[in-house]
Amino acid sequence: MSNQITITLPDSSTISVEKGKTVYDAVGVISKGLQKAAVCAEVDGKLTDLSAVLEKNVKLKVLTFDTPQGRDVYWHSASHLMAQAIRRVFPGAKFAIGPSIDTGFYYDVDIEKNLVPEDLEKIEAEMRKISGEDLEITREEISKADAIKRFKDKGEIYKVEMLEEMDADTVSLYHQGEFYDLCRGPHLRRTSDIRAFKLVSVAGAYWRGDEKNKMLQRVYGVAFPSDKELKKHIELIEEAKKRDHRKLGRELDLFSFSNDVGAGLPLWHPNGAVLRFIIDKFETNEHLKRGYRLFGVPHIARSTLYEISGHLGFYTENMYSPIQIDGQDYYLKPMNCPSQIQIFNSSMKSYRDLPYRAFEMGTVYRYERSGVLHGLTRVRGFTQDDAHIFCREDQIVDEIQEVLDFTLYMLEVFGFSEKNIYLSTRPEKAVGTDANWEIATAALKSALEKNNIAYTIDPGEGVFYGPKIDVKIKDAIGREWQCSTIQVDFNLPERFDISYVGSDGQKHRPIMIHRALLGSLERFIGILIEHYSGKFPVWLAPVQVMLLSVSEDEAAAVESLKSKLMADEIRAESDIRGESIGYKVRDAITKKIPYIAVIGKKEIEEGTVSFRKRGENKPQSMKLDEFKGMIHEAVQKRTVF
RNA sequence: GCUGGCGUAGCUCAACCGGUAGAGCAGCUGAUUUGUAAUCAGCAUGUUGGGGGUUCAAGUCCUCUCGCCAGCUCCA
């Protein structure tokens with residue numbers, strides 16, 4: 001029949017529907033379940049509303065909430081639902097933008113009143129009502145001029161501003177009940193399709209992200225097709241809260257901040273400091289194994305150094321004011337490279353010395369705006385596992401490949417198996433010739449490709465002196481963190497006029513590779529705390545064994561056992577307080593110590609250790625040597641439990 | 001830095017409309033000498049982040065400042 005059209009599905013199968021039916025109708029032909037789950041569709045590769053009318057033979061792909069696009073549309077519709085509710089509760093509200101984001105959606109609104117949590121509840125209640133009203137969501141296409149007029153009449157100054165900058169002739173509006181909004185779409189079919197949602201928070205956000213503009217109120221929310229999924233999402237947020245390194249840092253006595261020392265300057269307590277030491281020792285050793293040499297430089301340097309390096313030009317906003325010493329200006333070092341170059345430069349280098357790999361756990365100080373400081377992950381003084389590789393141009397690719405390999409190994413060791421890799425290219429504010437940028441970017445690319453590593457290009461995100469590869473890791477609850485960075489630099493060798501003598505007896509300029517594997521030790525430890533939620537694997541646990549005496553009679557034996565374990569490089573602590581054994585066990589459990597050992601008369605007589613492993617509540621017993629062997633093995637194998 | 005919220009004992013939190021601070025845990029002391037997630041009793045907790053102001057009187061109101069939290073912007 002001529003008024004039938006053929007719809008081709010992704011698996012190449014076809015269905016036939018009457019011409020003029022909607023996408024939604026067509027999906028219903030495939031399956032009722034899919035029809036219910038459908039959010040939007042791709043029709044001939046174009047994202048489309050389910051309510052769109054089908055006029056000809058097309059290719060159709062149905063998108064549900066489980067797809068990134070489906071989720072996007074779902075959340076975007078939820079933001080419209082929220083906007084409608086806000087308009088009903090606060091009739092004077094003006095709307096700016098309301099997109100979906102990775103974790104839900106938001107809408108920037110301009111309201112006189114400062115929104116408080118009770119207002120969010122009111123809005124949420126109104127959203128529930130509108131969802132219950134089951135309003136149809138419809139698309140309307142009108143000319144840009146008409147749209148401007150309509151939004152102008154409503155006083156929607158932000159929409160008007162956006163419209164005026166669009167170069168399209170026609171724009172689309174989406175209606176639901178009395179509310180409509182400028183939107184590209186697509187959207188869900190009905191307001192009742194948005195079932196489970198929660199408004200999460202409200203915060204300030206500048207119109208168009210520019211500090212010079214008016215601060216609007218950004219209301220955040222999330223939405224899901226079912227209450228179950230919403231609940232799961234809320235649980236994830238609670239889980240993240242439980243793992244918060246700032247909270248665990250205090251509870252496990254790892255670090256703190258002091259008002260008098262200053263913001264963003266962490267203080268390491270014994271438990272945290274030993275964690276730092278373990279990482280430092282392990283990592284330094286790994287560098288030595290790979291042919292790196294150790295460097296060490298002071299925390300301040302004269303202004304001349306940073307004039308030469310260019311930091312005083314390109315990096316001043318991140319540097320602290322100078323310190324006057326004998327009439328000279330000295331700066332806290334914001335980066336290690338300029339000082340390290342002095343060491344490279346202190347003697348003549350031959351081509352045989354290259355690649356020359358220099359490593360240092362280098363502490364740097366950077367000015368961060370007060371609002372961005374955050375626990376250990378964003379601080380003003382931090383230690384980088386920083387290295388600089390001086391090499392010839394023909395060595396770059398090999399060196400980067402090796403560094404990549406090293407990076408992935410290190411991250412793996414610390415329990416991060418999932419990674420995403422990014423290649424950042426030339427930013428607007430940059431130094432160096434186009435040719436050098438080209439060579440450097442190509443080298444990074446080639447190293448990635450030779451190692452068969454999938455990566456994403458991050459345009460314009462490179463450092464001012466060169467392009468870089470960033471490695472972002474995923475933690476135990478799926479959050480992404482940036483740690484490692486590998487950067488190629490032609491600029492500093494030039495500025496410091498460094499050279500090596502080639503086989504031809506002539507001076508040549510080396511290239512520098514800057515790289516940090518874990519990034520900042522402070523931030524990395526913050527991430528580690530959250531990743532393991534404080535339950536560090538034995539090799540990292542600040543306290544590996546807690547020894548408890550059953551009664552005061554065993555106090556001396558416990559202390560001597562502690563000394564024996566410590567002499568064997570096992571980090572042990574003892575609790576010989578006159579408290580009940582249950583009390584002391586509980587205390588040790590809350591400290592997340594991997595092994596809790598109880599020493600009573602029986603153990604002393606038999607020379608055994610009765611202990612419980614973290615996560616297990618049945619104690620087991622073994623001979624002291626066996627116990628030590630077990631811990632050493634857990635350390636060596638970096639067992640996680 | 002900006003917007004908003006906040007700052008009370010080591011920690012978590014309380015104190016009506018202004019009437020100069022109180023609980024639990026931790027700590028200390030004593031008793032108990034305990035066998036695997038909290039033994040009992042007692043004691044003491046503080047320039048209410050700091051400075052200034054209003055007031056007869058300020059944890060509470062105003063102001064400056066420091067810090068914290070969420071977000072914006074920026075980043076290891």
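Every chain is numbered from 1, with letters handed out A, B, ... down the list of sequences.
For a distance-only test at 3.5 Å, the side chain of A/R523 fails to qualify as a donor-acceptor partner of the base of B/A76. Judged by atom type and distance alone, A/S580 does not reach the base of B/U33 through any side-chain donor-acceptor pair under 3.5 Å. The base of B/C74 has none of its N or O atoms less than 3.5 Å from a complementary donor or acceptor on the side chain of A/R366. If you check distances only, the side chain of A/E603 does reach the base of B/G35 with a donor-acceptor pair under 3.5 Å. For B/U36, its base never sits under 3.5 Å from the side chain of A/R586 at any donor and acceptor pair.
Salt bridge A/E412/A/K419: present, at least one basic N to carboxylate O contact under 4.0 Å.
Annotation: cation-pi pair A/R87/A/F95 absent, no NZ/CZ under 6.0 Å from the ring centroid and within 45° of its normal.
Rounded to a whole angstrom, the distance from the P atom of B/G19 to that of B/A58 is 11 Å. When the P atom is compared between B/C75 and B/C13, the two are found 34 Å apart, to the nearest whole Å. A gap of 45 Å separates the P atoms of B/G30 and B/C17, to the nearest Å. Comparing B/U8 with B/U47, their C1' atoms are spaced 13 Å from each other, to the whole Å. Using P as the reference atom, B/A23 and B/A15 are 14 Å apart when rounded to the nearest Å. When the P atom is used for both B/G1 and B/C43, the distance is 47 Å, rounded to whole Å. Spacing of P atoms, B/C25 relative to B/C68, comes out at 31 Å, to the nearest Å. Taking atom C1' on both nucleotides, B/U32 is separated from B/C40 by 8 Å, rounded to a whole Å.
Two rings, from A/F627 and A/F611, have their centers less than 6.0 Å apart. Note: A/F524 and A/F414 meet the aromatic proximity criterion, with ring centroids under 6.0 Å apart. For A/F359 and A/H388, the ring centers sit 6.0 Å or farther from each other. In summary, the aromatic rings of A/Y595 and A/F641 are positioned with their centroids under 6.0 Å apart.
At a threshold of 4.0 angstrom between heavy atoms, the contacts of A/K468 are confined to the sugar-phosphate backbone, with no base atom among them. Heavy atoms of A/K602 sit under 4.0 angstrom from at least one base atom. Counting any heavy atom pair closer than 4.0 Å across all strands shown, A/R218 reaches sugar-phosphate atoms only and no base atom. No contact: A/E317 has no heavy atom under 4.0 Å from any strand. Nucleic acid contact for A/E579: base, since at least one base atom lies under 4.0 Å from a heavy atom of the residue. If you check every strand for non-hydrogen atoms under 4.0 Å, A/S484 touches nothing. Within the 4.0 angstrom heavy-atom criterion, only backbone atoms of the sugar-phosphate kind lie near A/G582; the bases stay farther away. Across all strands shown, A/I589 has heavy atoms under 4.0 Å from base atoms, whether or not it also approaches the sugar-phosphate. At the heavy-atom level, A/F524 lies nowhere under 4.0 Å from the strands shown.
Counting non-hydrogen atoms of neighbouring residues, nucleotides and ligands closer than 6.0 angstrom, the OH atom of A/Y409 exceeds 12 such neighbours. A/K535 NZ: 12 or fewer foreign heavy atoms inside a 6.0 Å radius.
For B/C68, the OP1/OP2 oxygens have no side-chain nitrogen or oxygen of A/R246 closer than 4.0 Å. Put simply, A/K247 has no side-chain N or O that comes within less than 4.0 Å of OP1 or OP2 on B/C11. When the side-chain nitrogen and oxygen atoms of A/T485 are compared with OP1 and OP2 of B/A76, none of them lie within a distance under 4.0 Å.
Residue A/I473 contributes atom CD1, which lies 15 Å from atom P of B/A76 at whole-angstrom precision. Rounded to an integer number of Å, the gap from A/L373 CG to B/C72 C1' is 15 Å. Between A/R380 atom CZ and B/C66 atom C1' the separation is 12 Å, expressed in whole Å. If you measure from atom CD1 of A/I97 to atom C1' of B/G71, you get 14 Å, rounded to the nearest angstrom. Between the NE2 atom of A/H245 and the C1' atom of B/A76 there is a distance of 13 Å, rounded to whole Å. What separates CE of A/M546 from P of B/G35 is a distance of 19 Å, to the nearest Å. Atoms CD (A/Q217) and P (B/G5) sit 10 Å apart, rounded to a whole Å. If you take NZ of A/K584 and P of B/U32, they are 16 Å apart, rounded to a whole angstrom.
Here the nucleotide nearest the side chain of A/Y583, chosen from B/U33, B/G27, B/U36, is B/G27. Of the candidates B/A76, B/U36, B/G1, the closest approach to any side-chain atom of A/Y367 belongs to B/G1. Proximity note for A/V379 (side chain, C-beta onward) versus B/A76, B/C66, B/U34: the nearest is B/A76. Comparing B/C75, B/U36, B/G71 by their nearest atom to the side chain of A/R378 picks out B/C75. Picking from B/U33, B/C74, B/C2 the nucleotide with the shortest atom distance to the side chain of A/Y206 gives B/C2. Which of B/G35, B/A70, B/G1 sits closest to the side chain of A/H374 comes down to B/A70. With B/G1, B/U33, B/U39 as the choices, the nucleotide that has an atom nearest any side-chain atom of A/E552 turns out to be B/U33. In the set B/G67, B/A76, B/U36, B/G67 carries the atom at the smallest distance from any side-chain atom of A/A263. With distances taken from any side-chain atom of A/R577 to the nucleotides B/C74, B/A76, B/G27, the minimum falls on B/G27. Closest to the A/R369 side chain, of the nucleotides B/U12, B/U73, B/G35, is B/U73.
For B/C75, there is no paired base (Watson-Crick or G-U wobble, both distances below 3.5 Å). Nucleotide B/G22: paired with B/C13 (Watson-Crick or G-U wobble, both distances less than 3.5 Å). In a base pair of the Watson-Crick type (N1 to N3 plus N6-O4 or O6-N4) or a G-U wobble (N1-O2 and O6-N3), with each distance short of 3.5 Å, B/U3 is matched with B/A70. Pairing partner, B/G59: none, since no Watson-Crick or wobble contact has both distances short of 3.5 Å. Base pairing of B/U8 is not made with any nucleotide, judged by Watson-Crick or G-U wobble geometry with both donor-acceptor distances under 3.5 Å. B/U36: no Watson-Crick or G-U partner with both key distances under 3.5 Å is found in any strand. Base pairing annotation: B/G27 forms a Watson-Crick or G-U wobble pair with B/C43, both donor-acceptor distances under 3.5 Å.
Position along RNA chain B of the nearest nucleotide to A/D470 versus A/F257 favours A/F257 as the more 5'-ward residue. Looking at which nucleotide of RNA chain B each of A/V463 and A/K618 is closest to, the 5′-most match is held by A/K618.
Under the 30°/60° scheme for interplanar angles, the aromatic rings of A/Y306 and A/Y331 are found to stand perpendicular. A/H299 and A/Y365 have tilted rings, their planes meeting at an angle from 30° to 60° on a 0 to 90° scale.
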